[in-house]
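Hydrogens, waters and symmetry mates are skipped; everything else that's a heavy atom, side chains included, is used.
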Amino acid sequence: MQEFDIETLAVRAGYDQTPEQENSEAIFPTSSFRYESAAQAAARFSGEEKGNIYSRFTNPTVRAFERRLALMEGGESCVGTASGMSAILSTFMGLCEAGDHVISSQSVFGTTKVLFNKYLAKFGLEVTFVSQTDVSEWKAAIKPNTKAFFLETPSNPLTEIADLAEISALAKANDCLLIVDNCFCTPILQRPLEQGADIVIHSATKFLDGQGRGIGGAVVGSAELIEEPVRGFMRTAGPSMSPFNAWIFLKGLETLPVRMAAHCKNAAQLAEWLSEHPAVEKVFYPGLESHPQYELALKQQDAGGGLVSFRIKGDQKDAWSVIDATQMLSITANLGDVKTSITHPATTTHCRVSPEDRLKAGITDNLVRVSVGLESIEDIKKDLAKGLDALI
């Protein structure tokens, strides 16, 4: 279906209709599959014959999600996983070995830093954190054993934009893989594989689902990088996506193009409004001309996205007062939902990161993050105004 537009792929791609001729994708909630004979079972397990084996690593519903997302991202292959974090884990466990070195943006999700520093370090993986936006730091950090670069763009929560063309050129010149977390843009706004990335990672929990219903992740790239290394790790270690969650994500993908357009429209209006509020010190949103990478965002994204962060003129107490004053917004650290959510990153998503590293990443105590949903933008503004106006 490569010749179809992404809106059509989101609705139609990846699914093989069963003999029942259903119009909506079926769910296959089965742990195992029957074989016609012992010989066929042996052929399936050996890989001589393609087909379903065991739902830890082969399931028709999960496969449909994988195929659809791979086509939307422009990749050859996709592995669905149990969560976004297990997608990151599977990627590095599958592709790296003891003694390898990884360069990561310091602006990645807090739990990703914990994964690198506390757990993958036990297996001999060395990680250097550098500025998301200063390519000279990436260049200076390269070692003879550097295996991969890792970043998320835009970053969470400051929406820093990494220059994919420049960083991918640096990676290729040094025989390194470029791994990009595309969770916040989704393939609707940005396709990193077309901009030089080797692998794209998703937390399907976020915008791909869009309604906060399930946990899942995905890894997309070439068959060479994905099938044996990443799928092989997932098959053995078992961080598998459940069939029911895969079905949820399939349904989410169907509406992803229209949802992302609506998220972006609301977020852009909210960012403009916040930038003019007297209680707000600074707004972080790639669609604002005041954003330091505004021109780069215009170049590699189709819109600014659905995430807006801002600093209060005050301290943590003031930031919490703005959050607590809301009545309609959801106080939760999840994002990418049709319901607008609000959180305090320093004490939630990045609480396990050291205070020093938080400051390096710009996660200050007066920072508030909003994942802008699909409610009336005027109602979102009014809810935020309750706390913001009280600070004037």
request  = Considering only NZ, NE, NH1 and NH2 on the basic side and carboxylate oxygens on the acidic side, decide whether Glu254 and Lys251 come within less than 4.0 Å.
outcome  = yes
query = When you check the gap from the basic side-chain N to the acidic O, do Asp16 and Arg67 get nearer than 4.0 Å?
reply = yes
key: Common cluster, Leu125/Tyr119, ILVMFWY with side-chain heavy-atom separation under 4.5 Å   = yes
Atom pair CZ (Arg191) and CG (Asp302), whose distance is rounded to the nearest 0.5 Å = 10.0 Å
inquiry  = For the backbone of Ser131 and the side chain of Glu137, can you confirm whether one donor and one acceptor N or O come within less than 3.5 Å of each other?
reply    = yes
key: Candidate list Leu120, Val102, Leu177, test side-chain contact (heavy atoms from CB on, under 4.5 Å), partner Cys96, passing option   = Val102
task = List the steps and the verdict of side-chain contact (heavy atoms from CB on, under 4.5 Å) for Phe310 and Val370.
result = CA-CA 8 Å; Phe310 58 98; Val370 177; 3.8 Å; yes
message = Can you tell me how the ring of His263 sits relative to the ring of Phe207, calling it parallel under 30°, perpendicular over 60° and tilted otherwise?
response = perpendicular
message = Within a 6.0 Å radius of atom CD on Glu224, are there more than 12 heavy atoms belonging to other residues, nucleotides or ligands?
response = no
ask   = Does Thr61 reach the main-chain N or O of Phe28 with its side chain, forming a donor-acceptor pair under 3.5 Å?
value = yes
request  = Please work out which of the three classes, parallel, tilted or perpendicular, describes the rings of Phe65 and Phe249, given edges at 30° and 60°.
outcome  = tilted
message = Any side-chain to backbone donor/acceptor pair from Thr146 onto Lys143? Under 3.5 Å, distance only.
response = yes
key: Salt-bridge criterion met for Glu281 and Lys313 (N-O under 4.0 Å)   = no
